[in-house]
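First up is the structure itself, then whatever we jot down about it.
These numbers come from the heavy atoms of this one structure, side chains and all, not from hydrogens, waters or symmetry mates. Every chain is numbered from 1 and lettered A, B, ... according to where its sequence line falls, protein lines coming before strand lines.
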Amino acid sequence: LWPSPRSATLWKSSSVATTFPSANPTPGSSPSRNSAAVTEPTIALVGNPNTGKTTLFNALTGLRQHVGNYPGVTVEIKTGSADLAGVKANIVDVPGCYSLAPRSLDELLAVELLLGLRDGAKRPDAVVCVVDASNLERNLYLASQVVELGIPTVIALNMMDVAESRGLTIDPARLAERLGAPVVPIVARSRQGLGDLSKAVFTAVGGPAPTKRPQFPTAVTEEVASLGGRLQAQSATPTPLFLLERVLFDSGGQVEKLLARRWGGEFHQWAEESRARLKDGGTALGGLEAHIRYAWIGDVLNGVLHRPTVRTTRWTDRLDAVLLHRFWGVVVFLLVMSSFFATIFFGAASIQEYFKDAMNAGADFIASLLPEEGALHSLVRQGALAGVINVLVFLPQIAILFAFLAVLEDCGYMARAAFLMDRLLSRCGLSGKSFIPMLSSFACAVPGVMATRTIEDPRDRLATMLVAPLMSCSARLPLYTLLISAFVPGAWLQTLTMMGLYSIGLIAAPLVALALKRTFLRGEPSMFLLELPSYKAPQLGNVLHRMADRSWAFIRRAGTFILATSIVLWALAYYPRPSSIESEFTSLKLRAEQLKRFPERKAEAEQVQKAFDTERAQRYQEQSFLARMGKTIEPLVAPLGWDWKIGTAVIASFPAREVVVAALGTIYSVGEPDSDEGSLELQETLKSQRRPDGTPVYNLAVAASLLVFFALCCQCVSTLAVIRRETNTWRWPIFTFVYMTLLAYLGAFVTYRVVLYFTGA
Amino acid sequence: MDIETRNQRGRQVPTTLPKSNAQVVPMKSLKAGQCGTVVDLVGSDCTIKCLVERGLRDGSRIKVIVPGASAVFQVGDLTLSLRTCGHCEVFVRPD
């Protein structure tokens, strides 16, 4: 019936069903079973951003959706199942919104769901309006709109612990009486009150909707009815009055556009006529809604909410004064970031050694089960294991990266960092709101691109989407660590180089955004308004879960995509195997065998054998399919200081950048003789590579050019696909790929020449 | 008092206040730690609604934490950061 502006792929579904014992009603206290009349009721969790909806969703469903202490973590609808007092219910986590007057895409998504306007999505049977008890007045603004929807509603008074710590006292019973809806105090983080909440929801399903609501002037209700009458004359299906009310209050808003898509252009005219009549009659719509709603909220809270008379300065106020300071705030930000990079190097290094030893031991054991020579041995040892293990050894770094990001998100610093960056980004036509998607992109650009849905201005949103992949994601970390450890001397210089690489994205993104905002996406700078959440101690469970979840994703990727790529690369580097090469080495082979007969000439025999093995392996690789392809592209990458092997590894990593480490491991491993010793020490292998003239393939200039190329290039099919999905056109992903590749090539070329000039290598 | 502000592109924002409001100043002129009461929000309907929904409205008590055009302030128990970019102006009566 209703058109949906976006594809149904935004609807992300999970199907894990869990029971939480406290939800089961105890005998004798069983709530009335209205829910029984509704098969698998759908319960929507709505509320302002950062009020703990996803925490509650996770607690109810047993799922582990991403939570964070900043507004806009949830940008798509997520579903799960829970057992509400014996009845299976579908729980829907809706993106946070400040009101039902949507301005951004995530807010529109929430409104569409609540009003049952989304294709294939059922209108909720009940709504749980999650309200932050420590900011009750502001949160009830949304609740005052939710109670008008005609859906049974339960108010979950979350963060009661924070409210109590601020000296606020709330009378839930009186609040429930005033709102005409059950009110349940909860602390979702510690699962307090969830049993009572599930009972209340169970009772509400199939029951009456709240009847108490703000009263608007008669003139407004008459115009709403008149507009509804006009629409009903066109179609038998009545249009929800709430929608028509929104049309009057939000001139040119998303709801009006939505209805105009259904009713055609003349709907705008009808709405304009209604607004004009109200104006002529002396009803000024601007500010009317807010005035009436806040007056209603004032009446509701009178005698319900008690604040301490004197508001003392909290420690968090003093902390904010430092963290958000024009100068000291930036100093703290740099200290936080540098300590993070230092931890990656110093903290992960020792763990990595143990990890590497264990992996090599495992690889040796597997190789010992195989024939000593031949294609199978080479495939397993030099193809699969060399590729996968060379990537997996960076697991400690990945785990530390995500633990750090989880701590930043949980404690509330993320939004503060966005404010600090707003000063820089505003000069480039963006706002600090763009920084949160950018910061998310440090983990992975895919959620970063999706997080742009919270940005209201479409031009700002697009610009942010196009520059988010410039942030150094976790997939770049293995190559960064490998090359920095191998070619940059000194621990502090290594830390600074790592910081520099991450800074490249932070510097390039605003510059690219500036160029975009002055050309394709020209427009006035938008306002920046962001709620800074209260500080919270990071939850160990959250941090560990995020770390484990992302580490497991990394392992899965290594075991699937990277393994497959390694095998393909091995096959290209191993084949063909012409017999002519074997005959070229017949004399050398015979000599090695003859020497082996004399025990006193064992050392010489081993030397001849090694030379024979090495030359033969290199000879085979030189005429492999991979070498032929690599040498074709060599002129293109030669200006960057790369040989054909580096060029091939880089080309192979265009679908996913972390493949480069696996590709280098496989390519160099196949070029070595079949040996079980040392072939997995990629760092040493890179250092030992020589060009035909005997000079090292890798030096500081080559490493730097490779690092800069990876810092700027868009080697991620998933990111391009999500940009395609979010923009609904191939134009922008193609644009992103082209501009980032050109930027990376140019950056790598300049870096190579500059470093070469200074090092004289 | 007539207060005129211009946005970054030079467009004049209608911010004329009654002459009787002699003590009313734009929020960006408050110093760190200074408190005040919001007297008026001036700008487009959409922008004002956005501020109101987040709890900033006539009569709200505010305390400035970071002053300036890009400010951080507390309104009630909330901490908000705001850079208006000339889209609106928040007028307050300082304590």
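Heavy-atom neighbours of A/His268 NE2 from other residues, nucleotides or ligands within 6.0 Å: above the threshold of 12. A 6.0 Å sphere centred on CZ of B/Arg61 holds more than 12 heavy atoms belonging to other residues, nucleotides or ligands.
The candidate from B/Thr47, B/Val72, B/Asp45 with the greatest count of non-hydrogen atom pairs under 4.5 Å with chain A is B/Val72. Ranked by heavy-atom pairs under 4.5 Å with chain B, the list A/Arg138, A/Arg166, A/His325 is led by A/Arg138.
The side-chain contact (heavy atoms from CB on, under 4.5 Å) with A/Leu529 is formed by just one residue from the set B/Leu56, B/Leu82, B/Thr84; it is B/Leu82.
A donor-acceptor pair under 3.5 Å links the side-chain atoms of A/Tyr294 to the main chain of B/Val52, judged by distance alone. In this structure, the side chain of B/Lys49 engages the main chain of A/Phe249 through a donor-acceptor pair within 3.5 Å.
Side-chain atoms of B/Asp77 and A/Arg307, non-hydrogen and from C-beta on, do get closer than 4.5 Å to each other.
In this structure, A/Tyr98 OH and B/Arg54 CZ are separated by 5.0 Å, a value rounded to the nearest 0.5 Å. Once rounded to the nearest 0.5 Å, the distance linking CE of A/Met527 with OG of B/Ser44 reads 8.0 Å. Once rounded to the nearest 0.5 Å, the distance linking CD1 of B/Ile65 with CG of A/Leu532 reads 8.0 Å. Rounding to the nearest 0.5 Å gives a distance of 5.0 Å between CG of A/Asp317 and NZ of B/Lys63.
Scanning both residues, B/Ala71 and A/Phe419, for their nearest heavy atoms gives O-CE1, 3.9 Å. Contact between B/Gly68 and A/Arg326 at its shortest, heavy atoms only, is CA-NH2, 4.5 Å.
For chain A, the nearby part of B/Arg57 is the side chain; its heavy atoms alone come within less than 4.5 Å. Using a 4.5 Å cut-off between heavy atoms, A/Asp132 does not touch chain B at all. Interface remark: A/Arg423 contributes side-chain atoms only to the contact with chain B (heavy atom separation under 4.5 Å). Looking at B/Leu41, neither its backbone nor its side chain comes within 4.5 Å of chain A, counting heavy atoms on both sides. Contact annotation for A/Ser134: only backbone heavy atoms (N, CA, C, O) come within less than 4.5 Å of a heavy atom of chain B. Heavy atoms of A/Leu168 lying under 4.5 Å from chain B belong exclusively to its side chain.
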